[in-house]
Q: 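Pasting a structure below so you can have a look.
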Amino acid sequence: MKVNVVENVLKVNDELAAKVRERLQAAAVSAINFISAPGSGKTTLIECALRNGIGGTAIGVIEGDPDTSLDAERIAALDTPVVQVNTAGGCHLEANLIMRALESFDLESLDLLLIENVGNLVCPVSFDLGETKRVAVVSTPEGHDKPAKYPMLFRVADLVVLNKVDLLPYLDFDEEFFTNAVRKLNPGAPILRVSCRSGEGIGGWREWLRSCVRSTEIVQ
Ligand code: MG
Ligand code: ZN
């Protein structure tokens, strides 16, 4: 019986996610779902893109966390429309929370909506949020074994970011093992090596985000 309950929860979520997707499509907004363990640097990656801008792209952000508005405050400091969603201890975002958060945005004026999921490598993968693309973020201190141990996320990711590569000289991180594991799970997903501290890979990061924008014309 328990299996039925879980299936029903996912079915309701998928129906709501389809509505979110429709709403975003109508407003020509691309949504990116950021999934990673806590502390991998999702918020910093988003800040990095916002600070430099992405060729006139209008960006909104949804921050998901079990508690606090610390991440949303960092985004708001960059003059970016942001909504904090607190899950009250919940370990992932669900489509109904995104649906409600959308009401706070002027969607027609946005090109990109960046959704930072709750830090968790497991269950966010099962909950469609109506996103256009999924980004998996792994930071080097977490270890090269994460894709092999948490394969679900890497199978569905459109982009894999290997973050904090500036720390590689201090770690026993086997980059070949990491890359091979990702390739085996998802041959098509690009792997971006990034460091927000040194700036390595940030150009490619911004370019990838730019490629997600639906409309090719930027309204001045
Ligand atoms: Mg964060
Ligand atoms: Zn969860």
Side-chain angles (χ1 to χ4, degrees), residues 2-17 20 31-52 59-101 104 112-131 133-142 146 149-157 159-165 167 192 194-197 202 205-206 209:
K2 202 165 183 198
V3 170
N4 283 335
V5 172
V6 171
E7 276 176 358
N8 283 339
V9 167
L10 287 175
K11 191 167 168 267
V12 168
N13 184 76
D14 283 350
E15 284 165 7
L16 283 170
V20 170
I32 317 291
N33 185 1
F34 288 69
I35 304 177
S36 81
S40 69
K42 295 186 293 302
T43 315
T44 307
L45 274 169
I46 292 172
E47 279 178 318
C48 232
L50 294 174
R51 203 167 283 130
N52 300 304
I59 305 175
V61 179
I62 295 175
E63 284 292 339
D65 272 305
D67 206 342
T68 82
S69 56
L70 289 171
D71 285 357
E73 286 160 24
R74 288 167 59 183
I75 302 302
L78 297 169
D79 284 330
T80 301
V82 59
V83 174
Q84 177 77 52
V85 175
N86 282 142
T87 56
C91 50
H92 57 266
L93 288 176
E94 294 187 20
N96 68 320
L97 298 170
I98 302 303
M99 185 78 105
R100 235 182 297 159
S104 304
L112 265 187
L113 181 64
L114 307 182
I115 304 172
E116 180 177 338
N117 218 308
V118 177
N120 180 339
L121 284 172
V122 183
C123 50
V125 182
S126 304
F127 289 85
D128 185 3
L129 303 181
E131 72 270 4
K133 301 238 157 111
R134 279 182 262 207
V135 176
V137 184
V138 179
S139 63
T140 53
E142 293 166 50
K146 291 304 163 292
K149 286 167 90 167
Y150 299 88
M152 308 82 75
L153 169 60
F154 297 89
R155 276 191 201 112
V156 300
L159 172 75
V160 176
V161 173
L162 179 60
N163 198 17
K164 308 188 191 179
V165 291
L167 295 178
L192 256 186
V194 168
S195 166
C196 295
R197 288 189 81 97
I202 294 302
W205 166 232
R206 291 167 58 213
L209 283 173

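In each ligand, atom 1 is the first atom listed, and ligand 1 is the first ligand listed. Each residue takes its place number in the sequence, starting with 1.
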Q: Would you indicate whether the side-chain heavy atoms of Arg206 and Ile202 approach each other to under 4.5 Å?
A: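 Yes; the side chains approach each other to less than 4.5 Å.
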Q: Compare all side-chain heavy atoms of Leu10 with those of Phe127 and state whether any distance is below 4.5 angstrom.
A: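 Sidechains of Phe127 and Leu10: in contact.
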Q: Closer than 2.8 Å to the Mg ion (ligand 1): does that hold for any N, O or S atom in Thr44?
A: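 So Thr44 does not bind the Mg ion (ligand 1) by this criterion.
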Q: Are side-chain N/O atoms of Asn33 and Asn117 paired as donor and acceptor at under 3.5 Å?
A: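 Side chains of Asn33 and Asn117: pair found under 3.5 Å.
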Q: What atom name does the N, O or S atom of Glu116 nearest to the Mg ion (ligand 1) carry?
A: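 Answer by atom name: OE2.
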Q: With the Zn ion (ligand 2) as the reference point, give the N/O/S atom of His92 that is nearest.
A: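 Atom name returned: ND1.
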Q: So which of the N, O or S atoms of Asp71 lies nearest the Mg ion (ligand 1)?
A: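 Of the nitrogen, oxygen and sulfur atoms in Asp71, the Mg ion (ligand 1) lies nearest to OD2.
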Q: Does some side-chain heavy atom of Val118 sit less than 4.5 Å from a side-chain heavy atom of Pro124?
A: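 Sidechains of Val118 and Pro124: no contact.
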